[in-house]
Amino acid sequence: MKTQAQVATIDVYLLRRGADGWETLVLERAAGTRCTGAWEAVHGHIEAGERPEDAAVREVHEETGLEVRRLYNVTVQPFYLQALSMVTLAVVFAAFVSEGPVRLGAEHARSEWLPITAALARLAWPRSRTAVQEAVSLLQTGDAGPLEDVLRVR
């Protein structure tokens with residue numbers, strides 16, 4: 001079987017300014033799901049005919065009940081899925097969302113807004129730690145500054 005590469009997933013790091021600096025929302029995987037107990041960001045598959053940014057907005061709403069107010073492109077990360085003999089490319093976004101309570105879907109058991117340092121210690125995947133650091137670096141002023149015209153998707 002030939003190994004293929006495909007843009008197939010998205011990751012979204014939700015950011016907000018807390019009392020002591022930047023915070024990000026982390027989600028704990030529920031029992032009976034892949035990676036049970038692992039903490040991660042919003043993650044999901046891009047549906048057929050869907051643009052990555054549309055998948056990001058949809059997944060944020062499905063997994064947290066929050067509405068995306070602003071969405072930024074951060075990076076693209078590869079991951080090898082051995083069972084499918086496929087390298088999947090995850091388009092990584094950062095989002096500022098509506099205020100309100102987080103309403104979790106069935107995939108997650110808990111959520112928590114954490115200061116960036118605490119989130120870095122909690123996130124299971126090393127690539128997640130890198131992505132959240134990149135997102136905060138790019139958006140440290142609350143927007144992308146001179147990069148806004150390139151990085152802001154919505």
Side-chain angles (χ1 to χ4, degrees), residues 3-29 33-35 37-47 50-82 84 86-100 102 104-105 107-108 110-154:
T3 302
Q4 299 177 29
Q6 180 180 358
V7 177
T9 59
I10 55 86
D11 292 328
V12 187
Y13 295 86
L14 307 186
L15 299 176
R16 73 178 185 188
R17 183 86 70 179
D20 297 320
W22 288 105
E23 297 177 338
T24 190
L25 186 70
V26 294
L27 308 170
E28 182 185 30
R29 299 290 300 177
T33 64
R34 69 156 176 80
C35 303
W39 289 85
E40 63 185 16
V42 170
H43 173 81
H45 293 279
I46 301 169
E47 295 177 355
E50 190 175 41
R51 294 173 54 96
E53 58 268 30
D54 297 329
V57 170
R58 177 182 51 75
E59 289 286 349
V60 167
H61 189 346
E62 287 176 5
E63 294 187 13
T64 69
L66 300 171
E67 300 296 326
V68 171
R69 298 293 182 222
R70 287 185 291 136
L71 185 68
Y72 290 87
N73 177 32
V74 175
T75 192
V76 176
Q77 295 177 328
F79 185 77
Y80 178 59
L81 296 172
Q82 176 269 333
L84 299 175
M86 179 176 76
V87 174
T88 183
L89 301 172
V91 181
V92 179
F93 296 96
F96 294 96
V97 294
S98 59
E99 293 291 323
V102 174
L104 297 176
E107 296 176 58
H108 299 102
R110 294 187 293 161
S111 69
E112 196 171 344
W113 283 100
L114 293 176
I116 299 304
T117 302
L120 295 176
R122 179 99 43 107
L123 290 165
W125 296 97
R127 69 175 192 254
S128 294
R129 293 189 285 278
T130 299
V132 77
Q133 289 173 312
E134 288 182 15
V136 170
S137 176
L138 289 167
L139 303 169
Q140 62 188 312
T141 63
D143 63 22
L147 307 176
E148 184 82 3
D149 62 330
V150 173
L151 296 182
R152 186 164 177 180
V153 179
R154 290 183 188 242

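One is the number of the first residue; the rest follow in order along the sequence. These numbers come from a predicted model, not from an experiment.
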Side-chain ([X]) to main-chain ([Y]) donor-acceptor, under 3.5 angstrom:
{"X": "T24", "Y": "L14", "result": "yes"}
{"X": "Q140", "Y": "S137", "result": "yes"}
{"X": "R51", "Y": "E53", "result": "no"}

Residues that A41 engages under side chain to side chain contact (heavy atoms under 4.5 Å, CB included), provided they are two or more places apart: Y13
Looking at every heavy atom in both [X] and [Y], which two are closest together, and how far apart are they?
{"X": "L71", "Y": "A95", "result": "CD1-CB, 3.9 Å"}
{"X": "A94", "Y": "V74", "result": "N-CG2, 3.6 Å"}
{"X": "L66", "Y": "S98", "result": "CD2-O, 3.7 Å"}
{"X": "V76", "Y": "P78", "result": "O-CD, 4.1 Å"}
{"X": "V42", "Y": "V60", "result": "CG1-N, 3.9 Å"}
{"X": "I10", "Y": "F93", "result": "CG2-CE1, 3.9 Å"}

Min side-chain heavy-atom separation V97-T64 under 4.5 Å: no
Check: T130 and W125 side chains under 4.5 Å, non-hydrogen atoms: no
Over 12 non-hydrogen atoms of neighbours within 6.0 angstrom of CG in D149: yes
Hey, could you give me the [atom1]/[atom2] distance between [X] and [Y], rounded to the nearest 0.5 Å?
{"X": "R110", "Y": "W39", "atom1": "CZ", "atom2": "CH2", "value": "4.0 Å"}
{"X": "S111", "Y": "L27", "atom1": "OG", "atom2": "CG", "value": "6.0 Å"}
{"X": "L138", "Y": "N73", "atom1": "CG", "atom2": "CG", "value": "9.0 Å"}
{"X": "L123", "Y": "Q133", "atom1": "CG", "atom2": "CD", "value": "10.0 Å"}
{"X": "Q77", "Y": "L89", "atom1": "CD", "atom2": "CG", "value": "10.5 Å"}
{"X": "Y72", "Y": "L139", "atom1": "OH", "atom2": "CG", "value": "6.0 Å"}

Lys NZ or Arg CZ of R16 over W22 ring: under 6.0 Å, within 45°: no
cation_pi(R70, F96) dist<6.0 Å, angle<=45: yes
Salt-bridge present ([X], [Y]; N to O < 4.0 Å):
{"X": "E40", "Y": "R34", "value": "yes"}
{"X": "R122", "Y": "E28", "value": "no"}
{"X": "R17", "Y": "E23", "value": "no"}
{"X": "E107", "Y": "R29", "value": "yes"}

Ring pair (Phe, Tyr, Trp, His ring centres under 6.0 Å) pairs, two or more places apart, involving residues 126-154: none
Residues E59 and H43: side-chain donor-acceptor under 3.5 angstrom: no
R154 vs V57, side-chain contact (heavy atoms from CB on, under 4.5 Å): CA-CA, chis, key distance, verdict: CA-CA 10 Å; R154 290 183 188 242; V57 170; 3.6 Å; yes
Residue list, salt bridge (charged side-chain N to carboxylate O under 4.0 Å, His left out) with D143, at least two apart or on another chain: none
Side chain to side chain contact (heavy atoms under 4.5 Å, CB included) partner of T88, the single match among L81, V7, I46: L81
